[in-house]
Amino acid sequence: MPTTTRKVSWLAANARRMQRQGLTEPLPASPTAVPALAGIMLGAHAQVLSAAELSLGLRLDGATRADVRAALWQDRSLVKTFGPRGTVHLLATADASLWTGALSAVPGGGGQQAKDVRMTEAQTDAVVAAVADALSGRELTADELTEAVVAGTGSWAGDLVMPAFQGMWPRWRQAMHTAAHRGVLAFGPNRGRQVTYTNPGVTPMPQDAAVAELVRRYLSAYGPATPQHFAKWLAAPVRWATDHFAGLARSAVIEEVDLEGVGAAWVAAGDAEFPQPAEAAGGVRLLPYFDAFGIASQPRERLFPGRAAERALAGGQAGNYPLLLVAGTVAGVWHQRRSGKRITVTVEPLEALTAAQVKELERETERLGDIAEGRTELTVGPVSVGPHA
């Protein structure tokens, strides 16, 4: 270990993160820009698909939700599946082997279910095999998939024992994440209002290699960072992440820096250059629900300073509120209401915005309208700023 460690300011780290994923200036559009961006930012949270469309669209010059939908359902260069933290994400299809290898390596949470609900390892393997077979070359709804899994395993798989939103789910559904992480389950296009699933036929990358590559990519997008930051983002045990970081440090895959407000943190080896303070991120940006930047960037107290944490973090959890960024930090929240083509955007800044910032916010709102293929109307606090074409 060198006797001196490069010092990295919060402003420089934040500026690099924003620049790399198109939040300082949108990245150039190209036929492969949407999946490439999904790879850079490590996926777009897609529990609400419109939020994922905004996350990707606002980072690409001239992109709309149609470009994201085309990549997902026509080109299939994006895949909708269970990603980091077990939540639904849009991921680059080219990275599916990496993701399945890494996510299947994270120590599982099988003990989360009650003892009389839990499946054994053999039952889980049987369900995954039945899912893979049932979805091969087909797109099935949850009910159709349940019938196929029960037929391929036994009646026990269909027992309604798992508490769900407004009822009970069959036992086998606790293995859905496992099936996704083994590469045999992903979302298909909706059939009317019903969700469908399909088998993407992914072969997971060897686990150690996949975790090493995921750490490297995380540090490229959100570094400098610590094992604790990585574990929080991935919903993985801290000890597991710490052990992997230690091994990668010994192999010189990652290197240590001194991050302001954190101390020892890590970047990918050879990737320790950062913008000068004068190049720090500026401007006004609107980020949707569960945008990757707000969730993955650490330390959180610098991204959500002072009252921003009280207003924009729900119980310390990022993502539940769409974010207003000013000069690279959270400065308020916003929400939207859509009626046909009309989209009403209401922004609630924590401090009064300057006239120049309001003008920039107007342009940002127009971009949201373009991405969502609608007409936006912006309100800042009590002041209506009027309609935009």
Side-chain angles (χ1 to χ4, degrees), residues 34 38 43-56 64-91 93 96 99-100 103 113 117 119 124 126-202 288-290 337-340 372-374:
V34 172
H45 191 282
Q47 197 74 40
V48 178
L49 186 57
S50 60
E53 292 167 352
L54 283 179
S55 281
L56 291 164
T64 71
R65 65 180 182 177
D67 297 303
V68 178
R69 292 174 181 181
L72 180 58
W73 303 126
Q74 297 174 27
D75 305 338
R76 300 299 176 105
S77 56
L78 290 179
V79 60
K80 182 181 177 184
T81 188
F82 295 105
R85 303 176 302 284
T87 54
V88 180
H89 275 67
L90 300 187
L91 306 173
T93 303
W99 278 107
T100 52
L103 292 174
Q113 300 296 336
V117 174
M119 296 193 307
T124 299
V127 166
V128 171
V131 167
D133 181 62
L135 295 179
S136 181
R138 292 195 289 175
E139 295 165 353
L140 301 181
T141 66
D143 289 342
E144 292 167 344
L145 186 52
T146 293
E147 292 180 10
V149 169
V150 170
T153 57
S155 61
W156 56 266
D159 292 342
L160 299 178
V161 294
M162 290 184 61
F165 299 109
Q166 294 181 341
M168 303 293 281
W169 279 346
R171 188 188 308 274
W172 77 268
R173 290 192 64 165
Q174 65 192 272
M176 288 186 76
H177 290 72
T178 302
H181 297 165
R182 293 185 187 177
V184 301
L185 179 144
F187 289 83
N190 283 3
R191 190 190 301 167
R193 291 181 175 273
Q194 291 187 298
V195 172
T196 73
Y197 303 94
T198 190
N199 182 346
V202 175
Y289 286 108
F290 289 97
R337 185 176 69 253
R338 182 162 191 153
S339 177
E373 299 175 314

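Keep in mind that the numbers below use all heavy atoms, side chains included, and drop hydrogens, waters and symmetry copies.
Here the CG-OG1 distance, from L78 to T93, works out to 6.0 Å after rounding to the nearest 0.5 Å. One distance of note links CG of L185 with OG1 of T100; it measures 12.5 Å at 0.5 Å rounding. Rounding to the nearest 0.5 Å places CZ of R191 at 7.0 Å from CG of L140. Taken from CG in L91 to NZ in K80, the straight-line distance is 12.0 Å, to the nearest 0.5 Å. Summarising the geometry, atom CG belonging to L49 is positioned 6.0 Å from atom CG belonging to L90; distances are rounded to the nearest 0.5 Å. Note: L103 CG to H181 NE2 = 4.5 Å, rounded to the nearest 0.5 Å.
Side-chain contact check for T87 versus H89: some heavy-atom pair is nearer than 4.5 Å. By the 4.5 Å heavy-atom criterion applied to side chains, L135 and V184 are not counted as neighbours. Put simply, the side chain of P189 reaches to within 4.5 Å of the side chain of E139, judged on heavy atoms. Looking only at side-chain heavy atoms (C-beta outward), Y289 and S50 stay at 4.5 Å or farther from each other.
Remark: the backbone N or O of W73 is paired with a side-chain donor or acceptor of R76 at under 3.5 angstrom. At least one donor-acceptor pair closer than 3.5 Å links the side chain of D67 to the backbone N or O of T64. Listed for the T198 side chain is a donor-acceptor partner under 3.5 Å among the backbone atoms of R138. Side-chain N or O atoms of R69 include none that pairs as donor or acceptor with a backbone N or O of A71 at under 3.5 Å. With Q174 contributing its side chain and R171 its backbone, the two residues share a donor-acceptor pair below 3.5 Å. Checking side-chain atoms of S136 against main-chain N and O of A132 turns up no donor-acceptor pair under 3.5 Å.
The two residues P163 and V161 come nearest to each other via the heavy atoms CD-O, 3.5 Å. What you find for A157 and V150 is that their closest heavy atoms are C-CG2, 4.2 Å. Minimum interatomic distance between A186 and V79 (heavy atoms only, all atoms of both residues): CB-CG2, 3.8 Å. The two residues G183 and P200 have their closest heavy-atom pair at O-CG, 3.6 Å. Heavy-atom minimum distance, P170 versus L160: N-CD2, 3.7 Å. Between T153 and V149, the shortest heavy-atom distance links the atoms OG1-O, 2.6 Å.
Evaluation of the ring pair (Phe, Tyr, Trp, His ring centres under 6.0 Å) rule for F82 yields H177, F187 as partners, not counting sequence neighbours.
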